[in-house]
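First the structure, in the form of structure tokens, and then the observations on it.
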Amino acid sequence: MSYVLGYNQYGKAEVHVVRVFRDDPTAPHDLVDYNVSVALTGDFDEAHQTGDQAKVLTTDACKNTVNAFAKEAGDAVREPESFALALANHFVDDVPQVETARINIEAFPWVRSHDNPHAFVKNGDYVRTVTVTRRGSAPATVVSGLKDLTVLKTTDSEFHGFYQEKYTTLQPTNDRVMATAIKSQWAHSSNDKDWGASFDAVFEAITKAFAGAYSYALQHTIWEMGQAALDADATIAEIRMSCPNKHHFVLDLSSFDLENNNEVFHADDRPYGLIEATIKRTADVDASAAYDPGQAWSEAAAKVPADA
């Protein structure tokens, strides 16, 4: 029987690199903290089918490239998008057998401590994410994002009027705590931009919409946050949001002769509702190939364009 090798990729995952910017002895230090993963595709069939590794760029070399580029790429390292672009372009342009490079970066924010020029406090409120994909000679695609951004509002949230059948036990409510941990990714239609300013604008838009919009469901809030993000940056083609419903159930304190007017809750971590949606600028937007599909690979999306 003749089997066929399908889509395959390889690289180095989770290279944790920290870069301190201290070139100017009179200026405060700056700091970036990245977890970088590299995935390569190309002319590597022989490595699988015959064991011939002649064309394989070692994963150790991928790691070394990340570490070296943290210095070599200069100011591009200051933003995860521009750092990922520099890495992806290197692998495709400088390694002949590489056809596609996908760079994933998790960026861990640090903030300056008490205006000290070289002391920092890690901001654990969220993780900034980036996926850059470069296929052949086609321009790289950039997806920015964030995850683990936990937000909560104590009122201005309802949930009622939902479909009822024999297994429905949830009681409708006109006033509830709504909390979620936002995971979001947004695809850019242009790579000529100030990446830091773009991220800050989207972050502000998402959090402001969550806080200010009256919510009739988490689905409704996702729609409001997505629209606000698209308004904040005209070169974002679409935004994808994944939001677990972090349930807060009002506790019955009547056994203790206590009234509980939405003041004391049990915060339940599981099971949880998981609401996901994509908000597009126009109906014809299709940025699917820009995202990291995990193992849900699409052969069509993975192919180098014909004009590459």
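Numbering of residues begins at 1 and proceeds along the displayed sequence.
- Annotation: cation-pi geometry not satisfied between Arg128 and Tyr126 (NZ/CZ under 6.0 angstrom from ring centroid, within 45° of ring axis).
- With hydrogens and angles ignored, the 3.5 Å screen pairs a side-chain donor or acceptor of Asn260 with a backbone N or O of Leu251.
- Side chains of Asp252 and Ser254: a donor-acceptor N/O pair is present below 3.5 angstrom, by distance only.
- Crowding of Asp60 atom CG: a count of heavy atoms from other residues, nucleotides or ligands under 6.0 Å exceeding 12.
- For the pair Arg102/Arg135, a side-chain contact is recorded, criterion being any heavy-atom separation below 4.5 Å from C-beta on.
- Checked by atom type, the side-chain pair Thr168/Glu165 shows a donor-acceptor distance below 3.5 Å.
- In this structure, Leu146 and Trp186 have side chains that are in contact, with non-hydrogen atoms separated by less than 4.5 Å.
- The backbone N or O of Gly136 sits less than 3.5 Å from a side-chain atom of Arg134, completing a donor-acceptor pair.
- Taking the ring centroids of Phe108 and His16, they lie under the 6.0 Å cut-off.
- Going from atom CG of Asp30 over to atom CH2 of Trp110 covers 14.0 Å, rounded to the nearest 0.5 Å.
- Lys55 NZ: 12 or fewer foreign heavy atoms inside a 6.0 Å radius.
- Aromatic ring orientation, Tyr216 versus His220: tilted (interplanar angle from 30° to 60°).
- The distance from the OG1 atom of Thr131 to the CD atom of Glu81 is 10.0 Å, given to the nearest 0.5 Å.
- Taking the side chain as every heavy atom from C-beta outward, Lys246 and Tyr272 never approach each other to under 4.5 Å.
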